[in-house]
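Worksheet for the structure shown next.
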Amino acid sequence: MYKENQELLEIINRAIKKSESYIGRGEVATYIPELANVNPENFALSIVSVDGGLYEFGDTDTVFSMQSISKVISLIMALKDNDADTVFKKIGTEASKYKFNSVIPIDDKPSNPFINAGAITTSSLIRGDDIIDKFDRTINMVRKLANSNDIRLIEEVYLSEMQTTDINRAIAYYLKSKGIFTDDAEKILDLYIRNCSIGLNSSQLAHIGAILANGGVSIDQSEEIISKEIVKTVISQMASCGMYEKSGQYLLEVGIPSKSGVSGAILGVVPGKYGICVYSPRLDESGNSVRGTNLLKILSNELDLNIFL
């Protein structure tokens with residue numbers, strides 16, 4: 001698309017400059033005490049192209065927890081460990097107008113994999129001998145997709161979230177009461193919170209996006225890490241449900257399949273082109289990064305990344 005990488009760098013730098021008008025807007029998440037301790041002005045942007053190009057800006061070494069972006073990984077694991085029919089008998093595929101931690105969109109089953117009820121359900125579908133084994137398999141998938149072994153559980157976030165997770169605990173027990181899973185609700189909740197507490201930086205997360213953009217194949221083309229069928233399912237759910245109750249508006253304005261997390265990160269996937277991560281902790285009322293959302297909108301326009309054009 002661009003004759004020289006320098007042209008691309010100039011466009012990205014202009015987009016970042018435009019996004020500075022959103023600095024200071026929104027608030028960091030406080031319902032998980034450890035998330036309230038981050039510097040609200042942190043900012044990072046990483047873009048990884050499917051041919052291995054890496055573009056980094058800002059605090060790209062800063063480690064943050066995946067939070068709801070881990071729901072992408074949980075869905076991948078559930079689909080690897082079970083056939084799609086089994087997964088989607090327990091979880092729907094439709095966007096919800098309710099908050100991500102609401103019990104309303106559960107009905108007969110959670111409305112999609114990217115609300116909390118849906119991700120607790122996909123967590124119940126991850127196979128392993130026990131919770132630690134299931135978590136080890138999950139974090140090892142993150143490491144493989146990120147092409148980095150320097151990824152760990154952020155213990156402080158995990159403990160902080162476990163102490164303040166009453167709503168998620170209620171959701172887990174409600175799901176079990178409806179027969180959506182039969183395992184111990186506390187153990188499934190523990191796995192879900194562990195997954196949310198996986199720590200990584202923006203470039204590692206952008207690399208995960210690049211693998212999805214590359215159809216599940218490693219950047220060096222040496223290995224299929226995820227099947228194309230799973231990738232298609234995951235990206236379609238990111239497009240329709242990945243930005244909480246703002247998913248429809250975001251898809252209309254940005255046109256990039258994305259998944260946000262309340263740590264302030266957003267993972268974007270441009271099929272055949274890029275994996276993108278923006279990290280900026282100040283959130284809007286839906287739990288999406290204010291600066292991150294608007295920077296992705298600017299980048300989509302400037303770089304012609306909207307998948308519908």
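For this chain, numbers begin at 1 and follow the sequence in order. Since we're looking at a predicted model, the values are computed, not measured.
Not a single donor-acceptor pair under 3.5 Å links the side chain of Arg169 to the backbone N or O of Leu189. Asn168 contributes no side-chain N or O that, together with a main-chain N or O of Ile171, makes up a donor-acceptor pair within less than 3.5 Å. Here the side chain of Asp59 pairs no donor or acceptor atom with the backbone of Ala44 at under 3.5 angstrom. When atom types are taken as modelled, the side chain of Asn288 and the backbone of Asp284 share no donor-acceptor pair closer than 3.5 angstrom. A donor-acceptor contact shorter than 3.5 Å links the side chain of Asn82 to the backbone of Leu125. Side-chain atoms of Gln163 never come within 3.5 Å of backbone atoms of Ser160 as a donor-acceptor pair (strictly under, hydrogens ignored). Looking only at distances, no side-chain donor or acceptor of Ser74 sits under 3.5 Å from a matching main-chain atom of Ala119. Not one N or O on the side chain of Thr122 forms a donor-acceptor pair closer than 3.5 Å with the backbone of Ala78. A side-chain donor-acceptor contact under 3.5 Å links Asn140 to the backbone of Asp136. Between the side chain of Ser263 and the backbone N or O of Ser65, at least one donor-acceptor pair lies under 3.5 Å.
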Exercise. Please walk me through it: do Leu205 and Phe64 pass side-chain contact (heavy atoms from CB on, under 4.5 Å)?
Worked result: CA-CA 10 Å; Leu205 189 51; Phe64 49 83; 4.1 Å; yes
Problem set entry | Stepwise side-chain contact (heavy atoms from CB on, under 4.5 Å) check, Ile208 with Val142 | CA-CA 8 Å; Ile208 293 174; Val142 175; 4.0 Å; yes
For this session: Could you walk me through whether Glu27 and Arg282 pass the side-chain contact (heavy atoms from CB on, under 4.5 Å) test, one step at a time?
Result: CA-CA 4 Å; Glu27 303 293 337; Arg282 290 185 181 272; 4.1 Å; yes
Problem set entry | Working for side-chain contact (heavy atoms from CB on, under 4.5 Å), residues Leu45 and Leu299 | CA-CA 11 Å; Leu45 169 67; Leu299 286 170; 4.2 Å; yes
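Here Ile154 is tied into one hydrophobic group with Val63, Val157, each link being a pair of ILVMFWY side chains closer than 4.5 Å.
Here the closest non-hydrogen pair linking Ser258 and Ile266 is CB-CG2, 4.0 Å. Considering every non-hydrogen atom in both Ile115 and Ser96, the closest pair reads CG2-CB, 4.4 Å. Here the shortest heavy-atom pairing between Leu267 and Met238 reads O-CE, 3.8 Å.
Judged as a side chain to side chain donor-acceptor pair (under 3.5 Å), and not counting sequence neighbours, the contacts of Arg137 are Asp81. Looking at residues two or more places apart in sequence or on another chain, you find no ring-ring contact (aromatic ring centres under 6.0 Å, His included) involving Tyr250.
Atom CD1 of residue Ile256 and atom CZ of residue Phe308 lie 11.0 Å apart, to the nearest 0.5 angstrom. A distance of 11.5 Å separates CG in Leu75 from OG1 in Thr121, rounded to the nearest 0.5 Å. Once rounded to the nearest 0.5 Å, the distance linking CD1 of Ile69 with CZ of Phe114 reads 10.5 Å. Here Ser300 contributes atom OG and Glu253 contributes atom CD; the two are 10.5 Å apart, rounded to the nearest 0.5 Å. How far CD1 of Ile230 is from CE of Met77: 10.0 Å, rounded to the nearest 0.5 Å. In this structure, the separation between CG on Leu252 and NZ on Lys297 is 9.0 Å, given to the nearest 0.5 Å.
Comment: Lys246 engages Glu285 in a salt bridge, judged by a side-chain N to carboxylate O separation of less than 4.0 angstrom. We find that Asp190 and Lys187 are not joined by a salt bridge, their nearest charged nitrogen and carboxylate oxygen being 4.0 Å or further apart.
Between the side chains of Asp220 and Ser218, a donor-acceptor pair is found at a separation under 3.5 Å. A donor-acceptor contact closer than 3.5 angstrom links the side chains of Ser286 and Glu245.
A chain of hydrophobic side-chain contacts below 4.5 Å, direct or via other Ile, Leu, Val, Met, Phe, Trp or Tyr residues, connects Ile167 to Phe181. Following chains of ILVMFWY side-chain contacts shorter than 4.5 Å, one cannot reach Val269 starting from Val50, and the two form parts of different hydrophobic clusters. Transitive grouping of hydrophobic side chains (ILVMFWY, heavy atoms separated by less than 4.5 Å) brings Val270 and Leu8 into a common cluster. Placement of Met141 and Tyr158 within a single hydrophobic cluster is found when ILVMFWY residues are connected by side-chain heavy-atom separations under 4.5 Å, directly or transitively.
Heavy atoms from other residues, nucleotides or ligands lying under 6.0 Å from CG of Asp150 number 12 at most. More than 12 heavy-atom neighbours from other residues, nucleotides or ligands sit within 6.0 angstrom of NZ on Lys178. Within 6.0 Å of CD in Glu186 there are more than 12 heavy atoms belonging to other residues, nucleotides or ligands. Around atom NZ of Lys144, no more than 12 heavy atoms belonging to other residues, nucleotides or ligands sit under 6.0 Å away.
By the 6.0 Å and 45° rule, Arg291 does not stack over the aromatic ring of Tyr22.
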